[in-house]
Amino acid sequence: MKCKLCKYYPEDFGELTVDVLHMDLVFDVYDDRTNVKSVLRVRTKDKPIERLELNCRDLEIRAVSCIQCEVSYRYRKDDAILEINFRDEIPPLTEVAVVTDTVCRPTKNILEGLYYDETPAGAPPQQITQCQQWGFQRIVPCIDDMAAKCTYTTAIIADSRYTNLITNGDVVVERHTVKPGRDRIVYDNSVTPMATYLFFLGVGTYATFKREFEYPDGGTFMLELLAPPASEAAAAEKALDILHDAVMWVYLFTGPEQFDEDKLPVRKEIWELVRRREKMKLEAKPDAALEELEELRYRLAELDGTIAPGYRYTGTVYREIGMQNSDFGGMENVGNTTITTNKIMPFPQMTDSAFEYMVRVKVHEYHHNQNGSEVTGRSPFEIWLNEAVTVHVEEQHHAFFFGEDYQRLGRVLELLAPVSGTFALDSGAASMPIIPDGFNDPNDLITSVTYVKAPEYVRMVESLIGQQTFVRGLDRYFKRFQHSNASTQDWIEAMEEESGQPLKEMSETWLKQTKFPVIEVSAEYDRAARRFKFLLKQKFPAGGKPWEFPFRAALVDENGNDLAEILERISGETAELVIENVDMPAFLSLNRGYTFYGKLVYRASQDELLMQVRRDRDTISRFTAFYTLVDREKLRLLKNPESKPSEEFIELYYRLLNDRQLLEKAGGQFLTIFESVEDEEFAHRYQALYDVRQTLLKAVAWKYRNSVISAYRFFENVSASRDSTLEEVARAIKSRQAKNVCLGILATLDTPDIHAMIKQQFETATCTTDRLSAFSAYLNSSAPDKVKILRAFEAESKKNLVAWEAFLSAIGSNSSIDAVELVREMERSEAFRIEQTNDQRALYGSFARNRKKSLQTEEGRALFAEILKKLAPVNEYSTVNLLNAFANIDLMETKYHIPLVKILADLLGELDPQKYPSVYNRIRKLLLGAPKAVKTYSIEHGEISGLQLGNADRE
């Protein structure tokens, strides 16, 4: 018997025995159940069949029949299969229609299939679906496979009090009353055949906001936003503005000619004319303006005919629906995108980071109409493909409004961040490749590997073949597989055909190998020959292969001017790159734009790094030089706790804080100092790392206190938006980041005058980000009235779900001596609901990542163990994410080995591996990835039985 850590493998996803053609569905929805009648039309392939197996999970079967012949059936509940046996063999290429009558029952915590969402006061129960990836089989017997794409006709019968009865497609029978208290509506989804995971059904009470979307050529459809009742109209209208811009941006700035410089001015002109047109439509001026509007429309149509645009929506309505409780922030469902309610519109209580997420998720889910809905992966092992290409487009959209430097630096910070950063997750015991060997639940595939590493792989392909070639390859792929399924290989072949470059071997390594390249760089310069030479050597996993990747680097003089720049394709363990006829550089600018996903080791001198931070024209390389300098400074202080921050560092940080041009482009995020170091000996001393960071900031505050206050006042004055455009909001967000960096620096002084300053920001802030930044700083201070502030803010936050989520996150991540007890208090609060994913992520997730408290204090470990035991039966997906905090047990100090392994071993012994396979096998993977700690634990407590023989084993 071969021990495996997964439940599903590629061989479980073979060819279907039939083609699925159409489903006629009738949902009769009640408060506690939904009766579902289905007519499933399929056609046999080139072989006859005697039976048909339908996926069917936790349903009540009332009747099963077939229109063409007699059948018998058997419900194999443990397998979640409805087995239908035909009396007569069904010949090849023959259509049959299977009729089922079943009942599904929604729950509050199983967040797939049909489930209860947040119900407005006095309304009937809010019910929505989540079908990715196997939720549809919890609603109706079906072939629940990504390759089972078909058309749908769906009728909904439900309580007349619901404001909205929604599913995929266009309305073909308007809503009408069928009997007292019951309404009926019918939709047809036949334009875009869709996979089962894209099905959506919702009955709920919402405030509905609408806006017409008009293409440059005059074609229209309706944008709809479904938000909580009594939502502010102004916020909803702003959300629709952002959605409108996203849809228009996809049309104008994606597609096969996206990077055609000759056509770019035309696209920009259309963009500006569309904004003028929309303003004129909203102002609804008298007849004189109508003539001008028609002239504008004529010009737009004329310009539109000269470009090859991107994706164009095919439905009559594109709808965003607020879902308060979901494992995901957003989910595309043909024509109906669900977005976590707290981030669907710019609520006054929304933070800047949540606002940016809102901007991103809107364009992301909309683009899935093309990449995911029209062209769908063949199996869950292609989820990466659906997501990575879409994230790639999302990032281009974000850069369009926020700036390329800001967008890219944000991604680099996401890569480098400790605990939750992609490099940290990709190198720990929980690491998995982009395309794993197997999984326990499709939700296992929704990780930063899918949403960050995979898009970085796509970006590397783009760098190697060129942007223009890349978008033509995408266009080839989308056209070839429109309304069908595509494999990873199909995508790679489309890119190879368009570029003429080999990509299969490179892709195999990136998609199937864990971790990332660590590139050691050395350099030589021959003055006589004026020849510069790069020598590269990469580290890769034992038994693995070297990665292929693009390497972009420049030689730069003392004034910051590029002497030469190269972009080379690197393969093999070593590489030598030569640049002829070049002067001696003052410094090297390596991995510009963070071109490859990995880490680079170059032992530059302190003077070289300082010069690079000040003068490199590439913002990302400038930041990585700063990151290296800060890393060296932190490591020096960790090795010698009696030493003090260097004057060199203090001066550099002060100068960067006052570099207005830099912060205008990159935002305050450029000044990020993580609680981490690269040196593995010290990388997991979490409290010490926090203390060192505070020491560095405090040194800046002591020396430049008045200057930091002046910078704070400057950014405060420029952080208000001057108008409502997204570009202006982006500028204001960057200024607020810088302002709150200043506040964080000053907060380290922990003096009464600074307490007063922080408190003033908290009490007078007109922006939630400013208020939360001040609250967190006050909570971590010694201010005598901080408990009073905490209680008042808690009471206020409980009144609003958006504010409550942000408040819980601040509590979970706080660094005060009362941190653990504060988390306990919040989970005891009547406002905290463990079945709500927003509450789970905000409080438990932030606490798990706060490893100096959750892993390295006795009371924190006790609380963490309790949380995991309580949460695992409620939500596996959230629990698996919390477990990532244990990814580096073996690298931590030995005193933590036994207590941390005990938490996991105890939980493993209590869990049913059949009920909770994702949590169970993630724990096993973490323990198997910590052999030293497990061995130490075993000496004292004995062998961990779950590691020796698990129910997840397979032949």
Chemist: For the pair Trp271 (side chain) and Leu252 (backbone), establish whether a donor and an acceptor sit closer than 3.5 Å, ignoring hydrogens and angles.
Modeler: no
Chemist: Measure the shortest side-chain to side-chain distance between Arg211 and Glu278 over non-hydrogen atoms and say whether it is less than 4.5 angstrom.
Modeler: yes
Chemist: Going through the distances and angles, do Tyr311 and Phe478 end up as a ring pair (Phe, Tyr, Trp, His ring centres under 6.0 Å)?
Modeler: CA-CA 10 Å; Tyr311 172 74; Phe478 289 144; 8.7 Å; no
Chemist: Can any side-chain N or O of Thr768 pair as donor or acceptor with the backbone N or O of Pro348 at less than 3.5 Å?
Modeler: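 Confirmed, Thr768 side chain pairs with Pro348 backbone.
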Chemist: Does any part of the side chain of Leu425, heavy atoms only, come nearer than 4.5 Å to the side chain of Val449, both counted from C-beta?
Modeler: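 They are not in side-chain contact.
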Chemist: Pairing donors with acceptors under 3.5 angstrom, does anything connect the side chains of Gln840 and Ser878?
Modeler: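 Per modelled atom types, Gln840 and Ser878 side chains form a pair under 3.5 Å.
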Chemist: Return yes if some donor-acceptor pair links the side-chain N/O of Ser373 with the main-chain N/O of Gln370 below 3.5 Å, else return no.
Modeler: no
Chemist: Hey, could you give me the CD1/OH distance between Ile673 and Tyr653, rounded to the nearest 0.5 Å?
Modeler: 4.5 Å
Chemist: Mind running side chain to side chain contact (heavy atoms under 4.5 Å, CB included) on Leu223 and His244 for me, showing each step along the way?
Modeler: CA-CA 8 Å; Leu223 300 175; His244 177 280; 4.0 Å; yes
Chemist: I'd like to check the ring pair (Phe, Tyr, Trp, His ring centres under 6.0 Å) partners of Tyr318; sequence neighbours left out, ordered by chain and number.
Modeler: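 Here the qualifying residues are Tyr313, Tyr366.
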Chemist: Just by modelled atom types, is the Cys767 backbone N or O under 3.5 Å from a matching donor or acceptor in the Arg736 side chain?
Modeler: no
Chemist: As an exercise, state the distance from OG of Ser809 to CZ of Arg841, rounded to the nearest 0.5 Å.
Modeler: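 Result: 11.5 Å between the selected atoms.
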Chemist: Would you say the side-chain atoms of Asp117 pair up with the backbone N or O of Gln126, donor to acceptor, closer than 3.5 Å?
Modeler: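 Looks like no, no N/O pair under 3.5 Å.
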Chemist: Could you tell me whether Asp659 and Arg622 make a salt bridge, using a distance below 4.0 angstrom between a side-chain N and a carboxylate O?
Modeler: yes
Chemist: Quick one, Thr447 and Met432 - any side-chain contact, counting heavy atoms below 4.5 Å?
Modeler: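 Counting from C-beta outward, Thr447 and Met432 do come under 4.5 Å.
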Chemist: By the definition salt bridge (Lys or Arg N to Asp or Glu O under 4.0 Å), identify the one residue from Arg411, Arg360, Arg459 that meets it with Glu395.
Modeler: Arg411
Chemist: Using the side chain to side chain contact (heavy atoms under 4.5 Å, CB included) rule, take Leu743 and Ile758 through it: C-alpha gap first, then chi angles, then the decisive distance, then the call.
Modeler: CA-CA 7 Å; Leu743 190 71; Ile758 297 169; 3.9 Å; yes
Chemist: Indicate the ring-plane relationship of Phe213 and Tyr215, choosing parallel, tilted or perpendicular according to the 30° and 60° boundaries.
Modeler: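 Because their plane-to-plane angle is over 60°, the rings of Phe213 and Tyr215 count as perpendicular.
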Chemist: Do Leu790 and Leu822 have side chains that approach each other closer than 4.5 Å (heavy atoms only, starting at C-beta)?
Modeler: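 SC-SC contact between Leu790 and Leu822 confirmed.
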Chemist: Check for me whether the distance between the ring centres of Tyr778 and Phe762 falls short of 6.0 Å.
Modeler: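 Here the rings of Phe762 and Tyr778 have centres that are no less than 6.0 Å from each other.
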Chemist: Enter the distance from Leu882:CG to Tyr844:OH here, rounded to the nearest 0.5 Å.
Modeler: 9.0 Å
Chemist: Suppose we screen for side chain to side chain donor-acceptor pair (under 3.5 Å). Which residues come up paired with Glu794, at least two apart in sequence or across chains?
Modeler: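 Once residues adjacent in sequence are excluded, the partners of Glu794 under the side chain to side chain donor-acceptor pair (under 3.5 Å) criterion are Arg791, Lys798.
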Chemist: Any chance you could measure Asn386, atom CG, to Asn371, atom CG, to the nearest 0.5 Å?
Modeler: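 Taking CG in Asn386 and CG in Asn371, the distance rounds to 5.5 Å.
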Chemist: Is a salt bridge present between Arg275 and Glu272, judged by a nitrogen-to-oxygen distance below 4.0 Å?
Modeler: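 Salt bridge absent between Arg275 and Glu272.
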Chemist: Any donor-acceptor pair under 3.5 Å linking the side-chain atoms of His364 with those of Glu387?
Modeler: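 The answer is yes; a qualifying pair exists.
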Chemist: After noting the C-alpha distance and the side-chain angles of Met248 and Asp245, does the key distance pass the side chain to side chain contact (heavy atoms under 4.5 Å, CB included) rule?
Modeler: CA-CA 5 Å; Met248 189 62 71; Asp245 280 359; 5.6 Å; no
Chemist: Taking the basic N atoms (NZ, or NE/NH1/NH2) and the acidic carboxylate oxygens, is any pair closer than 4.0 Å for Asp616 and Arg592?
Modeler: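 Yes, this pair counts.
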Chemist: Is the distance between the ring centroids of Trp384 and Tyr457 under 6.0 Å?
Modeler: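 Ring-ring flag for Tyr457/Trp384: true, centres closer than 6.0 Å.
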Chemist: Does the plane of the ring in Tyr597 sit parallel, tilted or perpendicular to the ring in Phe423? Use 30° and 60° as the thresholds.
Modeler: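 Taking Phe423 first and then Tyr597, their aromatic rings sit tilted (interplane angle of 30° to 60°).
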Chemist: With sequence neighbours excluded, give me every salt bridge (Lys or Arg N to Asp or Glu O under 4.0 Å) pair touching residues 223-232.
Modeler: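 Qualifying pairs: Lys210-Glu224, Glu224-Arg319.
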Chemist: More than 12 foreign heavy atoms under 6.0 Å from CD of Gln694: is that the case here?
Modeler: yes
Chemist: Can you check whether Thr837 reaches Gln324 side chain to side chain, under 4.5 Å on heavy atoms?
Modeler: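 Result no, sub-4.5 Å side-chain heavy-atom pair not found.
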Chemist: What's the separation between atom NZ in Lys739 and atom CZ in Arg713, rounded to the nearest 0.5 Å?
Modeler: 9.5 Å
Chemist: Assign the ring pair Trp249 / His397 to parallel, tilted or perpendicular, where the plane angle (0 to 90°) is split at 30° and 60°.
Modeler: perpendicular
Chemist: Is the shortest heavy-atom distance from the side chain of Thr337 to the side chain of Val361 under 4.5 Å?
Modeler: no
Chemist: Considering only heavy atoms from C-beta outward, does the side chain of Phe715 approach that of Arg660 to under 4.5 Å?
Modeler: yes
Chemist: Any donor-acceptor pair under 3.5 Å linking the side-chain atoms of Asn342 with those of Thr340?
Modeler: no
Chemist: What's the spacing between Lys852 NZ and Tyr690 OH if we round to 0.5 Å?
Modeler: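 Between Lys852 NZ and Tyr690 OH, I get 6.0 Å after rounding to 0.5 Å.
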Chemist: Is there a side-chain contact between Phe516 and Glu456, using heavy atoms and a 4.5 Å cut-off?
Modeler: no
Chemist: Evaluate the ring planes of Phe253 and Phe400, with Trp represented by its six-membered ring, and classify them as parallel (under 30°), tilted (30 to 60°) or perpendicular (over 60°).
Modeler: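 Ring orientation, 0 to 90° scale: tilted.
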Chemist: Thr450 side chain to Leu445 main-chain N or O, any donor-acceptor pair under 3.5 Å?
Modeler: yes
Chemist: Between His398 and Glu356, what is the shortest heavy-atom contact and its length?
Modeler: NE2-OE1, 2.9 Å
Chemist: Looking just at side-chain N and O atoms, do Asn838 and Asn325 make a donor-acceptor pair shorter than 3.5 Å?
Modeler: no
Chemist: Answer with yes or no after comparing the ring centroid distance for Phe470 and Phe259 against a 6.0 Å cut-off, counting only values under it.
Modeler: no
Chemist: Could you tell me which non-hydrogen atom of Leu226 sits nearest to which non-hydrogen atom of Ile344, and how far apart they are?
Modeler: O-CD1, 4.0 Å
Chemist: Would you say the side chains of Lys238 and Ser724 form a donor-acceptor pair under 3.5 Å?
Modeler: no
Chemist: Centroid separation under 6.0 Å, is that true for the rings of Phe623 and Tyr594?
Modeler: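 Not under 6.0 Å, so no.
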Chemist: Starting from the C-alpha separation in whole Å, work towards a yes-or-no answer on side chain to side chain contact (heavy atoms under 4.5 Å, CB included) for Arg731 and Val718.
Modeler: CA-CA 9 Å; Arg731 185 204 61 77; Val718 299; 4.2 Å; yes
Chemist: With no hydrogens and no angle check, is any side-chain donor or acceptor of Gln130 less than 3.5 Å from a backbone partner on Leu111?
Modeler: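 No: the side chain of Gln130 does not pair with the backbone of Leu111.
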Chemist: To check you understand the geometry: which heavy-atom pair defines the closest contact between Leu671 and Val741, and what is its length?
Modeler: CD1-CG1, 3.8 Å
Chemist: Report the C-alpha separation of Ser813 and Asn850 in whole Å, then their side-chain angles, then the decisive distance to 0.1 Å, and conclude whether the side chain to side chain donor-acceptor pair (under 3.5 Å) test is met.
Modeler: CA-CA 6 Å; Ser813 58; Asn850 191 359; over 6 Å; no
Chemist: Any donor-acceptor pair under 3.5 Å linking the side chain of Asn591 with the backbone of Phe596?
Modeler: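 Yes, because the side chain of Asn591 sits within donor-acceptor range (under 3.5 Å) of the backbone of Phe596.
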Chemist: State whether the number of non-hydrogen atoms from other residues, nucleotides or ligands found under 6.0 Å of Gln661 atom CD is greater than 12.
Modeler: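 Counting neighbours around CD of Gln661, 12 or fewer heavy atoms of other residues, nucleotides or ligands fall under 6.0 Å, so no.
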